[in-house]
Amino acid sequence: QVQLLESGGGLVQTGGSLRLSCAASGRTFSSYAMGWFRQAPGREREFVATINWNGGSTYFADSVKGRFTISRDNTRNTLYLQMNFLKPEDTAVYYCAGTNGLDPSSHLDEYFHWGQGTQVTVSS
C-alpha cells in the first residue's frame with residue numbers, strides 16, 4: 001500500500017514560481033514511477049508530468065514543457081514539481097500519483113495510488 005501527501009500549493013501571481021512536494025510512504029519508493037496531474041473546476045483531471053523510478057526519464061504535457069520540472073529524491077521518498085513562469089491557466093488542484101511499474105506514463109488509468117491534492121492558484 002502506498003500513501004501520498006502533497007504540499008506546497010498556494011496563491012501566486014502570474015510569472016511566479018511554486019515547488020510542490022509529495023511525500024510517499026508504504027511501498028519502497030524507488031519501485032514505482034510517479035506523476036503529477038491537475039484538475040481545474042469543471043474540467044477533467046489531466047496529465048502534467050511523469051518520472052521513472054530512478055529519475056532518469058521524464059515527460060511533460062505540452063502546456064507546461066519548458067516551465068515545469070519534475071524530480072524525485074528516493075533517499076527522502078519525495079517527489080517534486082518545480083513550477084516556474086506560472087500562468088492563470090495553471091490554476092488547479094494538483095495531485096501526485098504512483099504507478100505499479102518502473103516506467104513513466106502520461107495515462108491516468110495506469111496510476112493506482114493518489115494523494116489528496118494541493119490547490120495552486122495563479123492570479124492575473
Side-chain angles (χ1 to χ4, degrees):
Q1 187 72 331
V2 174
Q3 293 81 42
L4 303 172
L5 182 63
E6 302 95 336
S7 61
L11 174 64
V12 64
Q13 291 185 332
T14 296
S17 298
L18 281 174
R19 187 174 82 155
L20 305 183
S21 298
C22 172
S25 60
R27 184 174 152 198
T28 302
F29 186 59
S30 59
S31 68
Y32 53 95
M34 295 288 295
W36 287 97
F37 292 77
R38 66 187 182 186
Q39 189 167 16
R43 301 188 65 175
E44 293 186 353
R45 194 168 298 189
E46 65 176 5
F47 166 73
V48 174
T50 182
I51 188 167
N52 75 329
W53 68 279
N54 68 355
S57 181
T58 60
Y59 297 97
F60 298 89
D62 288 344
S63 58
V64 306
K65 202 171 293 183
R67 299 189 297 123
F68 289 12
T69 302
I70 187 171
S71 61
R72 65 190 297 163
D73 185 341
N74 287 350
T75 67
R76 296 179 181 272
N77 295 344
T78 304
L79 175 73
Y80 302 99
L81 184 69
Q82 178 67 44
M83 305 185 294
N84 299 325
F85 305 107
L86 283 161
K87 305 175 182 180
E89 50 264 43
D90 294 319
T91 295
V93 176
Y94 283 71
Y95 299 89
C96 68
T99 72
N100 279 341
L102 301 176
D103 296 328
S105 174
S106 62
H107 301 292
L108 188 146
D109 60 5
E110 294 188 14
Y111 288 82
F112 298 92
H113 315 286
W114 292 87
Q116 86 294 342
T118 185
Q119 176 71 45
V120 171
T121 303
V122 184
S123 63
S124 58

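If you read the sequence from its start, that first residue is 1, and numbering goes on from there.
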Summary of ring pair (Phe, Tyr, Trp, His ring centres under 6.0 Å) pairs that have at least one residue in residues 15-52, sequence neighbours excluded: F29-Y32, F37-F47, F37-Y111, F37-W114
Cluster overlap I51 with Y94, hydrophobic side-chain contacts below 4.5 Å: yes
Gap between atom NE2 of H113 and atom CZ of R27 - 0.5 Å precision: 5.0 Å
Atom pair OG1 (T50) and CD (E110), whose distance is rounded to the nearest 0.5 Å: 9.0 Å
Where A92 and A40 come nearest, the two heavy atoms and their spacing: CB-N, 3.8 Å
Partners meeting side chain to side chain contact (heavy atoms under 4.5 Å, CB included) with T69 (sequence neighbours left out): Q82
Straight-line distance of M34 CE to N74 CG, nearest 0.5 Å: 10.0 Å
4.5 Å side-chain heavy-atom contact, L4 and L79: no
Approximate separation, where rounding is to 0.5 Å, of C96 SG and L5 CG: 8.0 Å
All pairs passing ring pair (Phe, Tyr, Trp, His ring centres under 6.0 Å) where residues 57-91 contributes a residue, at least two apart: none
Side chain to side chain contact (heavy atoms under 4.5 Å, CB included) between R67 and D90, worked out: CA-CA 11 Å; R67 299 189 297 123; D90 294 319; 2.7 Å; yes
Pairing residues for D62 by the side-chain hydrogen bond (donor to acceptor under 3.5 Å, both in side chains) criterion, not counting sequence neighbours: K65
ILVMFWY cluster, Y95 and V120 together (side-chain gap under 4.5 Å): no
Minimum heavy-atom distance between E46 and R43, given as atom pair plus value: OE1-NH2, 4.5 Å
Side-chain touch S21/R76, heavy atoms, less than 4.5 angstrom: no
Interatomic distance, L18 atom CG to M83 atom CE [nearest 0.5 angstrom]: 4.5 Å
E44 side chain near L108 side chain, heavy-atom distance below 4.5 Å: no
Closest non-hydrogen atom pair, P88 against S124: CG-CB, 3.9 Å
Nearest-0.5 Å distance, OG of residue S31 to CG of residue N100: 8.5 Å
Any donor-acceptor pair under 3.5 Å from T121 side chain to T91 backbone: no
Other cluster members, W53 - Ile/Leu/Val/Met/Phe/Trp/Tyr, side-chain contacts below 4.5 Å: L102
Could you list the donor-acceptor pairs under 3.5 angstrom formed between side-chain atoms of residues 7-15 and any protein atom two or more places apart in sequence or on another chain?
| residue | atom | partner | partner atom | Å |
| --- | --- | --- | --- | --- |
| T14 | OG1 | S123 | O | 2.7 |

